[in-house]
Student: 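One structure follows; several queries about it will come next.
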2 protein chains.
Amino acid sequence: MKKLINKPEDYVDEVLEGMALAHPESFVIGGSTGRMLHRPAPVSGKVGVVSGGGFGHIPVFAGYVGEGLLDACAVGDVFASPDMNPMLEAIQFADTGKGVLCVVGNYGGDRMNFDMACEMAEMEDIACARVIVADDVAAAGPEESHKRRAVAGFVLVTKVAGAAAAAGKSLTEVTELAQRAADNLRSIGVALTSCTVPQAGKPTFQIADDEMEIGMGIHGEPGVRRGKLRPVNDICDEMIDLLLADKPMAQGSRVALLINGLGATPAEELYLVFRRAKARVEAEGARIAFHLVGNYATAMEMAGASISVLHLDDALEELLKAPASNPFWKA
Amino acid sequence: MKKLINKPEDYVDEVLEGMALAHPESFVIGGSTGRMLHRPAPVSGKVGVVSGGGFGHIPVFAGYVGEGLLDACAVGDVFASPDMNPMLEAIQFADTGKGVLCVVGNYGGDRMNFDMACEMAEMEDIACARVIVADDVAAAGPEESHKRRAVAGFVLVTKVAGAAAAAGKSLTEVTELAQRAADNLRSIGVALTSCTVPQAGKPTFQIADDEMEIGMGIHGEPGVRRGKLRPVNDICDEMIDLLLADKPMAQGSRVALLINGLGATPAEELYLVFRRAKARVEAEGARIAFHLVGNYATAMEMAGASISVLHLDDALEELLKAPASNPFWKA
């Protein structure tokens with residue numbers, strides 16, 4: 001296991017400590033167990049937006065605490081859902097009387113624990129809403145889209161929710177906009193190498209030196225096809241074809257495009273993915289109205305990339321382009 | 001070779017194209033061979049600041065073209081110096097009558113070609129100055145510091161030079177400030193894995209699964225010690241000790257700290273490096289007045305990190321903190 005870490009059992013807490021030390025203007029460690037990251041102070045007069053999930057995907061999830069993004073975030077162990085308690089503490093922190101939206105990745109533990117946390121919060125008269133992000137088209141067909149995992153597109157839903165809340169919209173409105181983003185979002189990944197969970201100490205899966213896996217999830221969940229590595233243009237074409245088959249791009253429409261690195265892929269290669277993806281979007285007669293290229297949702301040292309497409313309307317475009325201030329948000 | 005690329009011989013040009021397509025507000029491809037990246041238009045009334053170097057270190061070098069940073073940059077092949085011509089074209093682009101500072105990494109080809117480009121530019125009555133960045137303490141001892149390589153600290157010198165130019169200072173002043181930054185800068189790296197030059201097709205060097213190399217350069221140049229991988233705190237301590245041995249931190253002094261990922265190292269691990277480095281700086285009685293944590297100077301898919309320390313005075317601190325606008329500059 002080649003990692004720059006101390007003891008595996010200290011990994012999550014020490015990384016959170018490093019993040020909070022590096023960015024105190026964005027991140028404060030809170031909660032009864034130190035597994036809740038929040039902004040320096042709750043922001044009154046707006047809906048709270050929170051999330052939570054397993055660790056090892058920085059900036060997802062906790063790295064998106066910040067102005068115009070999340071107010072607080074529960075943090076689990078590596079690739080493991082946080083407990084209900086830090087989720088409840090995140091909700092309690094974020095609530096200033098206008099209610100709290102929970103942006104939740106479509107993973108069993110995250111959903112179940114957020115359901116419980118919301119129930120508990122509602123007993124304290126905190127209005128709660130949930131939006132589930134399930135953007136990975138590789139995880140299930142369109143008829144079973146509720147079974148899809150959350151991958152990098154999560155970041156775009158978070159931005160929409162955070163911006164809508166910062167704009168002073170009601171909980172109903174923020175929820176509707178975030179749900180609209182989630183509904184119009186599709187992602188697909190490709191993995192070239194495995195990642196290693198520190199406490200496991202060995203790679204999550206094996207993949208040959210000349211192989212890739214299209215559609216692999218950000219914890220190493222099986223994808224749609226394993227095969228020989230191909231030129232990046234061909235790989236992009238296969239990925240974009242899968243996205244288009246699931247939701248076509250109308251002539252004259254506009255999309256947000258997120259080209260995401262899984263952690264170990266050089267920036268150079270992400271720009272090659274962007275280059276091809278842009279050509280493909282334009283060949284559909286659509287237009288990229290907003291884009292990001294970089295490491296936005298990772299799987300530690302996994303090499304690979306993902307492409308997320310968010311089909312836009314005026315409201316979603318405006319919210320994506322609204323200002324946000326956070327160490328990892330760069331638009 | 002596990003890379004998301006097309007043909008190796010098209011790699012550099014296609015990546016540059018992707019960067020220019022993604023960030024047209026910052027990057028325009030220019031020069032007679034397409035190997036010069038420049039801002040959309042020259043900015044008159046200020047000193048021009050340019051650089052250039054081998055490819056495969058994005059954001060270094062060309063990724064720092066932008067407002068408050070570089071005006072133009074010459075781009076070589078992977079790990080190979082650019083020709084004199086794109087350097088001259090970068091200087092010609094950046095000059096608006098107040099002269100041009102070239103920020104040059106201490107590599108033989110880069111220095112020689114920039115010397116020639118400056119001579120040619122001076123024949124066109126463009127005043128040129130050069131500042132050489134040689135920050136890698138692993139490359140040579142203090143008595144031979146002129147033999148040191150440029151590594152990630154290059155980014156901090158570029159920021160100082162770009163900000164000084166944007167503030168309207170003269171070529172003499174910009175050069176003096178950038179030189180002061182270069183003189184007060186020290187870096188050291190650690191490599192965990194090799195990188196692969198696309199046209200070579202195989203790793204630049206071999207390193208065992210349980211080994212690291214302290215002091216390795218960003219092209220795989222030999223470091224000061226190869227040994228078993230250790231906990232990150234111990235690795236940081238060894239690196240910080242080498243930096244302190246070369247230039248101590250005075251009690252009450254302040255520094256800029258750059259924790260840099262070499263390309264394949266997860267953000268999580270960089271925060272562990274930051275956490276320890278911060279504790280060590282403070283144990284010296286010094287203070288971090290400015291810091292960056294992220295992938296600022298890479299070696300494609302090399303795993304590892306570097307620590308750069310810039311010893312600050314008021315002027316340097318102010319210039320580092322001055323606004324800049326660029327896809328890769330996030331402070």
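Letters A, B, ... are given to chains in the order of the sequence lines, protein chains preceding strands, and every chain is numbered from 1. Both backbone and side-chain heavy atoms feed into the values below; hydrogens, waters and symmetry mates do not. All of these numbers come straight from a predicted model, not from anything done at the bench.
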Student: How far apart are the closest heavy atoms of Pro266(B) and Met300(A), and which atoms are they?
Tutor: CG-C, 3.5 Å

Student: Thr204(B): which residues meet the side chain to side chain contact (heavy atoms under 4.5 Å, CB included) condition with it, sequence neighbours left out?
Tutor: Ser194(B), Cys195(B), Val197(B)

Student: Are His23(B) and Tyr271(A) close enough that their ring centres sit under 6.0 Å apart?
Tutor: yes

Student: Quick check on Asn295(B) against chain A: is it the side chain, the backbone, both or neither that has a heavy atom closer than 4.5 Å?
Tutor: side chain

Student: Check whether Ala208(B) gets within reach of chain A through its side chain, its backbone, both or neither, counting any heavy atom under 4.5 Å.
Tutor: backbone

Student: Is Glu17(B) reaching over with its side chain to a backbone N or O of Arg275(A), donor-acceptor style, under 3.5 angstrom?
Tutor: no

Student: Side chains of Thr193(A) and Lys2(B): closer than 4.5 Å at any heavy-atom pair?
Tutor: yes

Student: Given that the side chain runs from C-beta out, which part of Lys278(A) has a heavy atom under 4.5 Å from chain B: side chain, backbone, both or neither?
Tutor: side chain

Student: Check each atom of Leu229(A) against the heavy atoms of chain B and say whether the ones under 4.5 Å are side chain, backbone, both or neither.
Tutor: side chain

Student: Name the region of Ile235(A), side chain, backbone, both or neither, that has any atom closer than 4.5 Å to a heavy atom of chain B.
Tutor: side chain

Student: To the nearest 0.5 Å, what is the distance between CD on Glu14(B) and CZ on Arg276(A)?
Tutor: 9.5 Å

Student: Would you mind checking which part of Asp10(A) comes under 4.5 Å of any heavy atom in chain B, side chain (CB onward), backbone (N, CA, C, O), both or neither?
Tutor: neither

Student: Is Met302(A) in contact with chain B via its backbone, its side chain, both, or neither, using a 4.5 Å heavy-atom distance?
Tutor: neither

Student: Against chain A, work out which of Val293(B), Asn233(B), Thr298(B), Leu292(B) has the most heavy-atom pairs shorter than 4.5 Å and name it.
Tutor: Asn233(B)

Student: Please determine whether side chain to side chain contact (heavy atoms under 4.5 Å, CB included) holds for the pair Thr265(B) and Glu301(A), giving the CA-CA distance in whole Å, both sets of side-chain angles, and the decisive distance to 0.1 Å.
Tutor: CA-CA 6 Å; Thr265(B) 288; Glu301(A) 68 278 83; over 6 Å; no

Student: Specify which of Val15(B), Asp210(B), Leu16(B), Asp209(B) makes the most heavy-atom pairs with chain A at under 4.5 Å.
Tutor: Val15(B)

Student: Tell me, side chain or backbone of Ala303(B) under 4.5 Å from chain A's heavy atoms, or both, or neither?
Tutor: neither

Student: Name the option with the most non-hydrogen atom pairs under 4.5 Å to chain A; the candidates are Gly56(B), Ala267(B), Ala305(B).
Tutor: Gly56(B)

Student: With sequence neighbours excluded, tell me which residues meet side chain to side chain contact (heavy atoms under 4.5 Å, CB included) with Val232(B).
Tutor: Leu4(A), Asn6(A), Cys236(B), Leu272(B), Val273(B)

Student: If we ignore hydrogens and angles and just use 3.5 Å, is the side chain of Glu268(A) paired with the main-chain N or O of Ile58(B) as donor and acceptor?
Tutor: yes

Student: Quick check: under 4.5 Å, non-hydrogen atoms only, which of residues 254-264 of chain B neighbour chain A?
Tutor: Gly263(B), Ala264(B)

Student: Does Asp234(A) have any side chain to side chain contact (heavy atoms under 4.5 Å, CB included) partners at least two apart in sequence or in another chain, and if so, which?
Tutor: Arg230(A), Pro231(A)

Student: For chain A, which of His57(B), Met212(B), Lys7(B), Glu211(B) has the most heavy-atom pairs under 4.5 Å?
Tutor: Glu211(B)

Student: Decide side chain to side chain contact (heavy atoms under 4.5 Å, CB included) for Phe328(A) and Lys330(B); before the verdict, give the C-alpha distance in whole Å, the side-chain angles of both, and the deciding distance to 0.1 Å.
Tutor: CA-CA 8 Å; Phe328(A) 295 103; Lys330(B) 176 84 183 162; over 6 Å; no

Student: Relative to chain A, which segment of Asn326(B) carries a heavy atom at a distance below 4.5 Å: side chain, backbone, both, or neither?
Tutor: backbone

